[in-house]
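In what follows, a structure is listed as structure tokens, so that the remarks can point back to it.
Numbered from 1 within each chain, the chains take letters A, B, ... in sequence-line order.
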Protein chains: 2
Amino acid sequence: MATQPDTRTEARTPLSRERVLQAAIGLADEGGVDAISMRKVGQELGVEAMSLYNHVANKEDLLTGMVDAIVEEIPPFTPGLDWKTALRGRALAARDVFKRHEWAPRVIETRTDMTPPMLAYMDSVVGIFIQGGFSMDLTHHAMHVLGSRAFGFTQELFKETDEFDENDEMAMLLMQQMLEPYPNILAMAMSADHEHERMLGPGCDDDLEFVFGLDLILDGLERLRDRETEGADAAG
Amino acid sequence: MATQPDTRTEARTPLSRERVLQAAIGLADEGGVDAISMRKVGQELGVEAMSLYNHVANKEDLLTGMVDAIVEEIPPFTPGLDWKTALRGRALAARDVFKRHEWAPRVIETRTDMTPPMLAYMDSVVGIFIQGGFSMDLTHHAMHVLGSRAFGFTQELFKETDEFDENDEMAMLLMQQMLEPYPNILAMAMSADHEHERMLGPGCDDDLEFVFGLDLILDGLERLRDRETEGADAAG
DNA sequence: ACCACAAGTTTACGTCGTACGTTTACGAAG
DNA sequence: CTTCGTAAACGTACGACGTAAACTTGTGGT
């Protein structure tokens, strides 16, 4: 069969790094990180796997490009607020983005080098501290304590642990039995927090824990900053 | 060639789950997480890959078994101390273990379910809070803020970022150039913390940041606990 | 009309996890 | 001593993966 004009013209939506990245992100969004393989991404674009290598150096580069694209989704920093609400806003904005791409945290953690979009975002966060009167030293520590929280996520060690249906008596019993050797965890698991459950629907627990931790850390940092400036000679 | 007595008797150090796990851990300790493949572990034991399946269900099970073995290395909890030093001690003991197995954090983060050793360790940590007068609710939050810190590690977003040789002028210049578009990060990077460098050798920075964060969080939690008990009616 | 070049394809290699069938070694029963 | 059941290790095989290298094809410049 000869190549027909139809085939020739309709197949021409030329590949591009952008298109490759977006296809991969789409795949990951629905299928998780394991859904990304060169062959699958190619398939998604109606193209053989090897063609992708015209636009990404290798799979690592693909992954890095993906998180870069995500980070660039974070809305730009709007100055003028006091440091604490600025930082809080920035973290929550980032969180919003990362919630749309649940695979991203796990991928970020495997990157080894900083990329310009990452650096740009971090620079804006560091800037908030400095602007807020924090010393360089304390700012440095602050970035470390915040860790991934500055990017809006925390890696939950075990996702399923504290999710259970309180109305399913069978499940409750099973859980109680399973946790019997661990009395403290059992006690904690049994005391659902009905106060907060009321104001946040199910599945929003993550958000609550996130801001709880974020505020705890920000308050602690604020106190350290104030202590630092009040006795300006004592170091360490 | 007939099977000779030599071959028969000398080849008999029978496999076992323990031996498989230890071999895999050994491999991971020196070669990182990518060094673990069924074939390589088999090779390490002088055995074909498939033989391992007599002792582990699959690779996931192998990985889970490996982190279980690590967690069981954490020394048991010794009661009798006040909650804060108890918790601090527990986290640092865990940290000690995980520093001997740098691959472990990354593997833990990919586990989906709790295992008995994990639960046992967590139970001991939860117990410290409860014993220390924390409410169930606050204990629950506390476990979330601590996150992986309760296990003695934090996932550094980018390992290399703030490591550079201050005496290598060439490297310094290059870094300055690279960070030029990010003035805040540059400023932070340039202000090495000579106070602390003095009392902790190079490479110990991680430890310093870890305890800084840990203490910040513990202090914050303590304040919340005291506020909770002082006005015992106000919730939320 | 030609040709260089970019973009996509094809083929191929080595590695991975693991399903499945076979062989071997050993302890107990005859 | 033979026989045989059983568990453990072996060997082969399959499909999926990342990617190197060679090949084809459609397009724009001369």
Under a 4.0 Å N-O cut-off, is there an ion pair linking A:D207 with A:K99? yes

Rounded to whole Å, how long is the line connecting atom CG of A:N58 with atom P of D:dA20? 8 Å

Who passes ring-ring contact (aromatic ring centres under 6.0 Å, His included) against B:F98, sequence neighbours left out? B:F153

DNA chain C contacts among residues 27-40 of chain A, heavy-atom distance under 4.0 Å: none

Between A:Y53 (OH) and C:dT10 (P), how many Å, whole number? 17 Å

Under a 4.0 Å N-O cut-off, is there an ion pair linking A:R17 with A:D68? no

Without decimals, in angstroms, what is the distance between B:H55 NE2 and C:dT18 C1'? 17 Å

Minimum heavy-atom separation for A:L21 to A:L62, with atom names? CD1-CD1, 3.9 Å

Between B:K59 (NZ) and D:dA16 (P), how many Å, whole number? 18 Å

Just by modelled atom types, is the A:I36 backbone N or O under 3.5 Å from a matching donor or acceptor in the A:K59 side chain? yes

Rounded to whole Å, CZ of B:R19 lies from C1' of D:dA8 at a distance of 13 Å

A:L52 CG - D:dA20 C1' separation (whole Å): 15 Å

Could you tell me whether B:Q43 atom CD has more than 12 heavy atoms of other residues or ligands within 6.0 Å of it? no

side-chain N/O B:N54 vs D:dA9 OP1/OP2, d < 4.0 Å: yes

Is NZ or CZ of B:R90 both nearer than 6.0 Å to the six-membered ring centre of B:F77 and within 45° of the ring axis? no

Which of residues 44-51 of chain A have a heavy atom under 4.0 Å from DNA chain C? A:V47, A:E48, A:M50, A:S51

Less than 4.0 angstrom from a charged side-chain N to a carboxylate O is my criterion; do A:E48 and A:R39 meet it? no

